[in-house]
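Comments concern the structure below.
Please read all numbers here as calculations on a predicted model, not as lab measurements.
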Amino acid sequence: MEKIHLLPRNTPLVGEIHVPGDKSITHRAIILGSLAKGITKVTNFLNAEDCWRTIQTFQSLGITIEQQHSTLTIRGKGKCALKEPSIPLYFGNSGTTARLLLGILSGLPFFTTMYGDSSLNNRPMQRIVQPLKQMGACIDGRSHSQHLPLAVRGGKLRGIHYTLPVNSAQVKSAILLAGLFAEGTTTVIEKVETRNHTENMLRTFGADITVERHGCIKISNKKDLEARHIDIPGDISSAAYFIAAAAIFPGSNLIIKNVGLNETRTGILDVLKQMGASIMIRDKKCMNGECFGNINVKYSNLKGTIIEGNIVPRLIDEIPIIALIATQAEGSTIIRDASELRVKETDRIKAIVNMLLNLGANIKETDDGMIIYGKTSLTGGYVQSYADHRIAMTAAIASFVADEDIVIDDISAVDVSYPGFFQTLYQIAPTA
């Protein structure tokens, strides 16, 4: 455990920063580069713990992956060239690695066992296992295959027609990746659009995939994947903490460069504009199905809002920092339809509410979200991170508006998504 003591801030955020490469896109670039034929270059990849779990997994499956500075070189041999690992695969805390790899390993003709840390071993896997079993996968494990560790005997999959029962990009992605190995066509129907990085990346690597209207996605095994050069944009989920700090701290005027602007991920920008934030997008460009640009955010007087329905999957990872923003907005902010937060690295609804209550916020937990009553002064104090990177970073940003010191019990989890977070924080807003 690594504790940190944060002093109240007296300096607004002014200037320009970069945030690390997008975690979701980095995972998918490593995965598809490993399944493709030829040499894939991935630039500006996220050099963080979660992504290294995916790299190490494919190295265990026989793929050569080399790092030089912020570039990965992946020497793929095709999706059927992966080899049976000699030891169980360890995924650490990375739910993306576990769930997406389940889809791939279900299609490969060998035996694999996999496990994670204590947190990942208790996150729900049945939502992935059930459709994969319908495709013909042989998967067994703890709690009737609801939790890791799991064992997979892969091969001989068949395409299915599957409507997602939960709004989850990881479930969708696992099924689509299994579809690369399945006979016939695999069709996934999503009632609410979730982040579409997998579809974009599959199309970029040449897969036989079509995205139709009304959330219908079809994929087959007819085409081999071909190596590509993938440049990863900055992660909007990492940028969100600095967007928040600039929006709530008087005098701030911050530009965050080269941030991913995929429409399935920009819900936080839409909500902040609805709250009255001053946000401008500059120099927007698109490549390989992903858009990116520079985000300019200035301090504004914010007002409360209601967050519910179809926008929630577009900002699910940003709800902790949105809750902090809401404490500094006039009036009430209501967050609904976010029960998925209860099965993240921790129960994030409970963790957010407890953390902000400890800092003096006026906030109430609900079954599927929370109600935040603003505007309130935060007092500071001792808070738990619950070994969750997003809770720890949200608590750190709270130091901009707290009257007293904030002590976070453990910040080690930050490394899973943003190893340089505190260096960036001190760079643009040193303490007194």
Would you please say whether a donor-acceptor pair under 3.5 Å links the side chains of Arg9 and Ser399? yes
From the list Ile408, Ile411, Val414, side-chain contact (heavy atoms from CB on, under 4.5 Å) with Ser385 holds only for Ile408
Any Lys/Arg nitrogen of Asp317 or Arg348 sitting under 4.0 Å from an Asp/Glu carboxylate oxygen of the other?
yes
Side chain of Asn121, backbone of Gly116: donor and acceptor closer than 3.5 Å? yes
- Main-chain N/O of Gly76 paired to Ser34 side chain as donor or acceptor, under 3.5 Å: no
- Query: With a 4.5 Å limit on heavy-atom distance, are the side chains of Leu180 and Leu202 in contact?
  - Reply: yes
Do Asn167 and Glu340 come close enough that some side-chain heavy atom pair is under 4.5 Å? no
task = For this output row, return yes or no: ring centroids of Phe400 and Phe242 closer than 6.0 angstrom.
result = no
Heavy-atom nearest pair, Ser118 first then Asn122, reads O-ND2, 2.9 Å
Worksheet item: Is the backbone N or O of Arg127 less than 3.5 Å from a side-chain atom of Gln130, with the two atoms forming a donor-acceptor pair by type?
Response: no
Intermediate values then yes/no, salt bridge (Lys or Arg N to Asp or Glu O under 4.0 Å), Glu199 and Lys218 | CA-CA 10 Å; Glu199 298 96 297; Lys218 296 181 178 181; over 6 Å; no
Judged by modelled atom types alone, do Asp231 and Thr43 share a side-chain donor-acceptor pair under 3.5 Å?
-> yes
| When you check the gap from the basic side-chain N to the acidic O, do Arg314 and Glu193 get nearer than 4.0 Å? | no
Establish, from distance only, whether the side-chain atoms of Thr264 and Asn262 form a donor-acceptor pair under 3.5 Å. yes
(request) State, with a plain yes or no, whether a side-chain heavy atom of Leu157 is found less than 4.5 Å away from one of Ser106. (result) yes
Salt-bridge criterion met for Lys23 and Asp235 (N-O under 4.0 Å) = no
Between Arg28 and Thr198, is a side chain to side chain donor-acceptor pair (under 3.5 Å) present by the stated rule, with each step listed?
CA-CA 6 Å; Arg28 288 155 174 82; Thr198 298; 2.6 Å; yes
Residue pair Ser24 / Arg195, side-chain donor-acceptor N/O under 3.5 Å: yes
Sub-4.5 Å side-chain heavy-atom contact between Tyr241 and Val19
no
> Ion pair present between Arg203 and Glu290, side-chain N to carboxylate O less than 4.0 angstrom?
Replying inline: no
Between Tyr418 and Ser237, is there a side-chain donor-acceptor contact under 3.5 Å, judged purely by atom types and distance? no
On a heavy-atom basis, the closest approach of Ala240 and Ile268 is CB-CD1, 3.6 Å
d(Asp117 CG, Arg123 CZ) to nearest 0.5 Å is 9.0 Å
Are Thr194 and Glu190 close enough that a side-chain donor and a side-chain acceptor fall under 3.5 Å? yes
Note to self: Can you confirm whether Lys298 is buried at NZ, in the sense that more than 12 heavy atoms of other residues, nucleotides or ligands lie under 6.0 Å from that atom?
What the structure shows: no
- Think Lys79 forms a cation-pi with Phe181, using NZ or CZ under 6.0 Å from the six-ring centre and within 45 degrees of its axis? yes
Above 12 or not: heavy atoms from other molecules or residues under 6.0 Å from CG of Asp140? no
* Glu263 atom CD, over 12 foreign heavy atoms within 6.0 Å -> no
* Side chains of Asp208 and Ser220: is there a donor and an acceptor less than 3.5 Å apart? -> yes
message: Could you check whether any side-chain heavy atom of Ile236 comes within less than 4.5 Å of a side-chain heavy atom of Leu269, counting everything from C-beta outward?
response: yes
Test side chain to side chain contact (heavy atoms under 4.5 Å, CB included) on Ile295 and Ile255; report intermediate values, then the result. CA-CA 6 Å; Ile295 300 175; Ile255 296 173; over 6 Å; no
Here the gap from Thr26 atom OG1 to Asn44 atom CG, rounded to the nearest 0.5 Å, amounts to 7.5 Å
Examine Arg53 relative to Phe91 and say whether NZ or CZ is less than 6.0 Å from the centre of the six-membered ring and inside a 45° cone about the ring axis. no
Item to check | Flag side-chain contact, heavy atom, 4.5 Å: Leu164 against Ile175 | outcome: yes
>> Taking the basic N atoms (NZ, or NE/NH1/NH2) and the acidic carboxylate oxygens, is any pair closer than 4.0 Å for Asp283 and Lys257?
In response: no
*Would you find a donor on one side and an acceptor on the other, under 3.5 Å apart, between the side chain of Arg158 and the backbone of Thr186?*
no
The reported gap from OG1 in Thr57 to CG in Leu100 (rounded to nearest 0.5 angstrom) is 11.5 Å
Practice prompt. Assess whether atom NE2 of His69 is packed by more than 12 heavy atoms of other residues, nucleotides or ligands within 6.0 Å.
Written response: no
Practice prompt. Can you label the angle between the Tyr90 ring and the Tyr115 ring as parallel, tilted or perpendicular, going by 30° and 60°?
Written response: tilted
**Message:** I'd like to check Arg153 versus Phe110 (side-chain heavy atoms, cut-off strictly below 4.5 Å). Are they in contact?
**Reply:** no
Donor-acceptor contact present, side-chain Arg142 to main-chain Leu148, <3.5 Å
yes
Step by step, work out the side chain to side chain donor-acceptor pair (under 3.5 Å) result for Gln170 and Thr96.
CA-CA 7 Å; Gln170 292 181 352; Thr96 302; 3.1 Å; yes
Self-check item: Thr73 and Gln68: side chain donor to acceptor below 3.5 Å
Solution: no
* To do: List the steps and the verdict of salt bridge (Lys or Arg N to Asp or Glu O under 4.0 Å) for Arg75 and Glu66.
  => CA-CA 9 Å; Arg75 303 183 186 278; Glu66 302 158 347; 3.2 Å; yes
*asked:* Quick one about His161 and Thr187 (side-chain donor to acceptor, distance below 3.5 Å, no hydrogens or angles considered), yes or no?
replied: no
| said: With a 4.0 Å cut-off on N to O distance, would you call Lys37 and Glu226 a salt bridge? | reply: no
**Prompt:** When you check the side-chain N and O atoms of Ser412 and Glu2, is any donor under 3.5 Å from an acceptor?
**Reply:** no
query: Would you say the side chain of Val188 lies within less than 4.5 Å of the side chain of Leu176, judging by non-hydrogen atoms?
result: yes
Audit row: Thr97, Thr54, side chain to side chain donor-acceptor pair (under 3.5 Å) steps and yes/no: CA-CA 6 Å; Thr97 308; Thr54 299; 2.7 Å; yes
For Met370 and Ile349, the nearest pair of non-hydrogen atoms, with its separation, is CE-CA, 4.3 Å
- Any donor-acceptor pair under 3.5 Å from Gln328 side chain to Ile248 backbone: no
Taking Ser252 for its side chain and Leu13 for its backbone only, find out whether a donor-acceptor pair lies under 3.5 Å.
yes
Is a side-chain N or O of Asn221 found less than 3.5 angstrom from the main chain of Ala182, in a donor-acceptor match? yes
Rounded to the nearest 0.5 angstrom, the OG1-CD1 distance for Thr366 and Ile334 is 9.0 Å
When rounded to the nearest 0.5 Å, the distance separating CD1 of Ile55 from CG of Asp50 is 11.0 Å
Between the CG atom in Leu225 and the CD1 atom in Ile31, the distance rounded to the nearest 0.5 Å is 12.0 Å
**Prompt:** For Arg342 and Asp347, what are the C-alpha separation, side-chain angles and deciding distance, and is it a salt bridge (Lys or Arg N to Asp or Glu O under 4.0 Å)?
**Reply:** CA-CA 4 Å; Arg342 294 203 184 272; Asp347 179 343; 2.8 Å; yes
